[in-house]
Amino acid sequence: MNYQDFHFSNATLLDLYRSLLKPRMIEEKMLILLRQGKISKWFSGIGQEAIAVGVTRALKDDEYILPMHRNLGVFTSRNIPLHRLFAQWQGKASGFTKGRDRSFHFGTQEYKIVGMISHLGPQLSVADGIALAHKLRNEKKLTAVFSGEGGTSEGDFHEALNIASVWDLPVLFCIENNGYGLSTPTIEQYRCKDLADRGAGYGMESHVIDGNNILEIYTQISEIAESIREEPRPVLVEFKTFRMRGHEEASGTKYVPQELMDEWQLKDPLKNFEEYLIEKEILTQETIDILRNEIFSEIDENLQLAFSEEVIVSDSSVELNDVFEKFEYQQFEHNDKTENIRFIDAISQSLRASVQKHTNLVLMGQDIADYGGVFKITAGFVEEFGKERIRNTPICESAVVGAAMGLSINGMKAMVEMQFSDFVSSGFNPIVNYLAKVKYRWNQNADVVIRMPCGGGVGAGPFHSQTNEAWFTKVPGLKVIYPAFPYDAKGLLNTAFNDPNPVLFFEHKGLYRNIRQEVPVDYYTLPFGKASILKKGEEISIITYGAGVHWALETLDEMEYNNADLIDLRSLQPLDLESIFQSVRKTGKCIILTEDSQFGSFASEVAAQISENCFEHLDAPVVRVGSMDTPIPFAENLEKQYLPKERFREKLKDLIEY
Ligand SMILES: Cc1ncc(C[n+]2csc(CCOP(=O)(O)OP(=O)(O)O)c2C)c(N)n1
């Protein structure tokens, strides 16, 4: 291995050697503990340590680094106290996740490390968001993120590199090519010669680096890092290395040819470096023994600390309290001046006011900049706030949600406009697995609002008409808001931007230009989790939200029926159960109307809650009315049949007569 060409002081060389030795020795100890049944799972990075160590050492301590499951060297090179790492792996309180997530699945702002979620790829676009925040603040910092070669096959890889390139983000994308993704060899994973070749496809500088040579890595990454700091841009680096042990310890390496193992054994990054330092008389066996003893004692003492720590105490209220970041709702006073505006104007006003109020808020979405978005909600925003804050994105929902997460990690707020809520399926993974869970997992909030133009009745067919709130209402960690009137839309969207948690904000397209209301001109807020009682009656409770509210109002008008409570939920998560129960306990009959296809819809949850909590007050079965259980069709008569308005009228009549 070529170490000759790199020139460092002896102190630096010894320091790098120690940094390589430490993760190796920790791993050796973990393998023993695994055999003794004292830890449950281990993903070995033995033979790959030079990459994690070299990259981390080349970065500054206040630069974020986003490692993967074999990158113990990142954590040790940032000098995390070992007992905290061990406690993390044992699910104990002094780890980083209060026992809620395992292994390297955690982040820590203290050490500027943002750990992975199991899905691998989403990590990459989170780095984009972190880097974007640095860039917007002119901070001359880079962000390094890791992927295995297997992870590069995920769409997230493509999306994240593409965004970084289009936005000139200071991200160092590090691919650790270790030959296998679980059991899959590279030939079954991709067909380019080097993965670094993909850089050209993104218009991105790229490099191939020997992943087993600590000096080559440290030198080259230090140079690249300095140049990225000076000239913000993404760079792709492929580190060639090899996975010397199984995917995880239980899975073995039977599928790896012995010749490959033998070949790479000779390239061991620690052993070769050690031999070189001995040959150059920089390191002696005596120093090695001293260093090993020191590290051994450090591991041992810290292990004792972690083992002696009590098993974590389970307390359901603690768990439930940590799902959301604390948010003190603040009411804003406004004067009496109102104007008659459309639903869409209310959204636009709230966005404008929120971008003014929150100077760290960035809006992202397809065509939202000069074009003003497909619904023209952000028309004129670029002139007012500039293209840095009103950002057009490529067509890549997943990476944009990931970037929003990264912005939040790095102290900003983000809004993502889904062009149509149907397209959120392409960004589903980071919403339900990253944004929703990150606060609970490692106490990092996701200060992100995702706007969801949704709903049918507009003749737009199966992919521009869905109302998909139920995809999200069942995921702990997400707030879901669904207003039906301009007044509510403006106040609730303002609150969404004040709330530091992830909020999915559903806006029914059919209401955008059809519903008008007198709305305060001033900025004001409305609290989440409070339903609005639109009509009061004694005989029946009608519970609905979104377009359903207007269908119910029209139906009551047409029937000239005046004895119902009409409850507009407005906020689905949190849900105002108290108002629902109070009404149903009074009337004894209820009908829940949703635009969603009925089976498994949000109406089903409301019905179940009522059955469980109001059973003794009920005089009739709890009735749900929703759309048909088919995709939403295009042709006018088919769509009309699909949507629930007619069925609502029939079922309401039946229930009144029951
Ligand atoms: C989306 C997703 N699919 C599958 C898996 C299961 N899985 C975990 S790691 C892994 C292999 C990853 O290979 P690579 O990215 O090359 O990293 P390596 O393990 O080799 O370091 C697989 C298939 C997963 N975690 N996430």
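Just so it is clear, the values below take in all heavy atoms, side chains as well, and ignore hydrogens, waters and symmetry mates. Each ligand, and each atom within it, is numbered from 1 in the order the structure gives.
Nearest protein heavy-atom neighbour of atom 1 (C) of ligand 1: His119 O, 3.8 Å. Closest to atom 22 (C) of ligand 1 among all protein heavy atoms lies Leu182 CD1, 4.3 Å.
Distance remark: protein heavy atom present below 4.0 angstrom from atom 11 (C) of ligand 1. By the definition of a contact as any protein heavy atom under 4.0 Å away, atom 14 (P) of ligand 1 is in contact. Inside a 4.0 Å radius of atom 5 (C) of ligand 1 there is not any protein heavy atom.
Taking the six-membered ring for Trp, Tyr180 and His247 have ring centres at least 6.0 Å apart. Between Phe423 and Phe463, the gap from one ring centroid to the other reaches at least 6.0 Å. Aromatic rings of Tyr434 and His119 (six-membered ring for Trp) have centroids beyond the 6.0 Å cut-off, not under it. For Tyr190 and Phe157, the distance between ring centers is not under 6.0 angstrom.
The cationic atom of Lys479 (NZ for Lys, CZ for Arg) lies less than 6.0 Å from the six-membered ring centre of Phe324 and within 45° of the ring axis.
Residue Gly150 has at least one nitrogen or oxygen atom sitting less than 3.5 Å from a nitrogen or oxygen atom of ligand 1, judged on distance alone. Taking distance alone, with nitrogen or oxygen atoms compared against 3.5 Å, Arg243 stays at or beyond that limit from ligand 1. Ligand 1 has no N or O atom lying under 3.5 Å from any N or O atom of Gln48, backbone or side chain. For the pair Ser118 and ligand 1, the shortest N or O to N or O distance falls below 3.5 Å. Residue contacts with ligand 1: Gly151 is placed with a nitrogen or oxygen under 3.5 Å of a nitrogen or oxygen of the ligand (distance criterion only).
By the salt bridge (Lys or Arg N to Asp or Glu O under 4.0 Å) test, Arg451 pairs with Glu417, Glu507, sequence neighbours left out.
Using a 3.5 Å distance cut-off with no hydrogens or angles, the side chains of Glu325 and Asn501 do not pair a donor with an acceptor.
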